[in-house]
Structure formats: C-alpha cells, structure tokens
Number of protein chains: 2
Amino acid sequence: MSEEVFHPPVEELTLPKVLAALADPARLATVRTLARVGESACGQIQHDAGLQVSKSTMSHHLRILREAGITYSRVQGARRMLTLRREDLDARFPGLLDAILHSELAETG
Amino acid sequence: MSEEVFHPPVEELTLPKVLAALADPARLATVRTLARVGESACGQIQHDAGLQVSKSTMSHHLRILREAGITYSRVQGARRMLTLRREDLDARFPGLLDAILHSELAETG
DNA sequence: CGAACAGTACGATAATAGTCGAACTCGCCG
DNA sequence: CGGCGAGTTCGACTATTATCGTACTGTTCG
C-alpha cells in the first residue's frame, strides 16, 4: 500500500539474481553499510560507504539491489529510506547474507 | 607441482569474484553437481548437470569457476578431474558455500 | 599409425552491465 | 512563488560476458 516502488515478493527471489547483485564491490559496500547503520537514505549510504561514483550510478546500483530483493525502499518526503530485507533473504537463502557480511576481510582482494 | 593449470591461492580469493562466478545458472548447476558427485570430469559434469551448451562454452564456464578459486582441476590422462575447493572456500568465506548449496530450491525462480 | 575422444584456445558476435552527464520529478523551506 | 536538495530517468559510450564454431593439443585405443 505505502509502497511506491517495485519490490519483488520473497518467493520470487532467485539465487543467480541475488548473487549477481552482490557481485559488485560498490553494491557489496552498500550492503555492508546498510547492515551496519540500519535504515539510511541513498546519499547517506553513498557517503558512509565511501563510494565515489556519480548520483546516477549510485541510483543504478541501488536499483539493482532493490530489484534483486536485497533492499527495501520506502519513500519519506524527498528521500528514499533503505533497509536490508534480512528476514526475506534469510528465509529464502538461509545463511547467505550472514556469510557475506562476515566475510568483510575478503572483499577487496 | 603436479599442477598443470593456474589456481589462485586461497588468500587471493575475493568475494566479488566468487559471487560473480556463482551468479550464473550454468555455473551454479555445475557447482551443485560437483558437490553431489565429488570429483568428476568436464564432460561428465556437463551431462550430470544437464547443461545444453557447446563444449567451448562449458570450458569457458569451468575456467571462470577455476579462476575464481571455486574448483580445483587436476589432469588425469586426457581428462581434467574437477573438485570443489570446499576447504579453501570455507576458510575464506565461512558458510558461503553451504548457504548456496542449501538453497537448491531457489535457483531457477 | 590413425581415428576417436577430452578438452582448450581463438576469433567473432550479440547481449549485458557499469559509468557518466543532463534533464527531469517531487518535496521542502525561505 | 522560487530555489535547493534528493533521487530517478534517459541516452550514450565503453567494457565485460556469454555463446558459438572451428581449429588445435594431447590421450587413448584399435
């Protein structure tokens, strides 16, 4: 009801899509940041994650995450507040998100 | 010593590369098959996984998996015998491989 | 030896993905 | 109202990826 953008239902999340969404350093950093700070807005996430990309590129990455079912976005005024869809991800791919969040040391190579 | 092809050392495995390698249905099927049957040769894996691609495409996918550090390949006669690098993956990304292998129901969407 | 088999390497092609800047929408506030 | 800030959308460009067929290397076996 209060949803203003598309989010795939939990039963439609697919492993290839989720993995593809996470297989990008910028998006991985985004997910880690979101896990750390909880709910946050696009620009704030970009800042907190230290991502040096253009606004449109950031928007693109956030769309990939959202359409893969990794993040949830609610509109609050002029902002989009994002959260991780932890429960949905855990329900569909148990242990996956935790494994990724706990592999912090291995992200850059 | 007996290695005849390149394998990245465990400390050089990176999460984006591993996730990218797994973010493909054909390669995911390959990994699941390898987890199920243990050691197997390229052609046999392709058959067991039910992959309908050309030989060169299969070879390409197997190279991606090997270079991401997901599989180990040893030469035995005319064949390459492949195994999952379970221990290395578990050491570097604890829980990741298990999470992926246990998500069998969610692969196709 | 020579044919069949296992797999790789190469080159081409088509599709996908990442990046940006500019233009746009919407809400907020002075 | 008018401008600013937050994001999205769009079009262009580039780079990467998936796929294939063909040619190749090396192995096994009749």
Side-chain angles (χ1 to χ4, degrees), chain A residues 2-7 14 16-31 33-34 37 39-68 70-83, chain B residues 2-7 14 16-31 33-34 37 39-68 70-83:
Chain A
S2 61
E3 236 174 81
E4 311 199 14
V5 289
F6 172 75
H7 294 89
T14 70
K17 271 211 158 197
V18 167
L19 294 177
L22 294 171
D24 177 284
R27 294 194 291 260
L28 213 39
T30 296
V31 168
T33 299
L34 227 28
V37 306
E39 189 173 47
S40 187
C42 304
Q44 189 63 44
I45 294 167
Q46 176 166 8
H47 174 268
D48 290 350
L51 295 176
Q52 320 224 340
V53 295
S54 72
K55 248 192 332 177
S56 51
T57 297
M58 190 66 195
S59 184
H60 164 73
H61 285 312
L62 293 176
R63 171 197 280 262
I64 299 287
L65 288 173
R66 178 169 49 78
E67 292 184 348
I70 294 170
T71 58
Y72 178 80
S73 169
R74 70 185 179 90
V75 178
Q76 187 175 50
R79 308 201 171 160
R80 269 74 172 166
M81 299 303 288
L82 306 191
T83 48
Chain B
S2 61
E3 235 173 86
E4 310 199 14
V5 290
F6 171 75
H7 294 89
T14 70
K17 270 211 158 198
V18 168
L19 294 177
L22 295 170
D24 178 284
R27 293 194 292 259
L28 213 38
T30 297
V31 168
T33 298
L34 227 28
V37 306
E39 189 172 46
S40 188
C42 305
Q44 189 62 44
I45 294 167
Q46 175 165 10
H47 174 267
D48 290 349
L51 295 175
Q52 320 225 339
V53 295
S54 72
K55 245 191 336 177
S56 52
T57 296
M58 190 64 195
S59 184
H60 162 75
H61 284 311
L62 293 176
R63 171 197 279 261
I64 300 287
L65 288 173
R66 178 169 50 79
E67 292 184 348
I70 294 170
T71 58
Y72 178 80
S73 170
R74 71 185 179 89
V75 177
Q76 186 175 50
R79 308 197 171 165
R80 269 71 173 165
M81 298 305 287
L82 306 191
T83 48

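In the text below, chain A, chain B and the rest are named by the order of the sequence lines, each starting its count at 1.
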Mind listing the N/O atom pairs, protein and nucleotides 2-5 of chain D, below 3.5 Å?
none

Q. Counting side-chain heavy atoms from C-beta on, which of C/dT8, C/dG18, D/dG7 comes nearest to B/Cys42?
A. C/dT8

Q.
Would you compute the distance between atom CD1 of B/Ile70 and atom CG of B/Leu34 and round it to the nearest 0.5 angstrom?
A.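 Reported value, rounded in 0.5 Å steps: 10.5 Å.
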
**Q.** CE on B/Met81 to OG on B/Ser40, rounded to 0.5 Å
**A.**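 Between B/Ser40 OG and B/Met81 CE, I get 6.0 Å after rounding to 0.5 Å.
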
Sequence neighbours left out, cut at 3.5 Å: what donor-acceptor pairs do the side chains of residues 58-66 of chain B make with other protein atoms?
unit_1  : atom_1 : unit_2  : atom_2 : d
B/His61 : ND1    : B/Arg27 : NH1    : 3.1
B/Arg63 : NH1    : B/Glu67 : OE2    : 3.0
B/Arg66 : NH1    : B/Phe6  : O      : 2.8

Distance check needed: [N] [atom2] versus [X] [atom1], whole Å only.
X	N	atom1	atom2	answer
B/Arg74	C/dG7	CZ	P	13 Å
A/Lys17	C/dA17	NZ	C1'	13 Å
A/Arg80	D/dG7	CZ	C1'	6 Å
A/Leu19	C/dT16	CG	C1'	17 Å

Q: Look at B/Arg63 and C/dG7 and indicate whether a side-chain polar atom (N or O) is within less than 4.0 Å of OP1 or OP2.
A: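 No, B/Arg63 has no side-chain N/O under 4.0 Å of OP1/OP2 on C/dG7.
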
**Q.** Test applied, side-chain hydrogen bond (donor to acceptor under 3.5 Å, both in side chains); reference residue, A/Glu39; option that passes from A/Arg74, A/Gln76, A/Gln44
**A.**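 Per the side-chain hydrogen bond (donor to acceptor under 3.5 Å, both in side chains) rule, the option paired with A/Glu39 is A/Arg74, out of A/Arg74, A/Gln76, A/Gln44.
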
Q: Please name the pair of heavy atoms, one in A/Pro16 and one in B/Ala23, separated by the smallest distance, quoted to 0.1 Å.
A: O-CB, 3.8 Å

Q: For DNA chain C, determine which residues of residues 47-60 of chain A have any heavy atom closer than 4.0 angstrom to one of its atoms, and list them numerically.
A: A/Val53, A/Ser54, A/Ser56, A/Thr57, A/His60

Q) For DNA chain C, whose closest nucleotide is more 5', that of A/Gly77 or that of A/His61? A)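 Nearest-nucleotide comparison on DNA chain C picks A/His61.
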
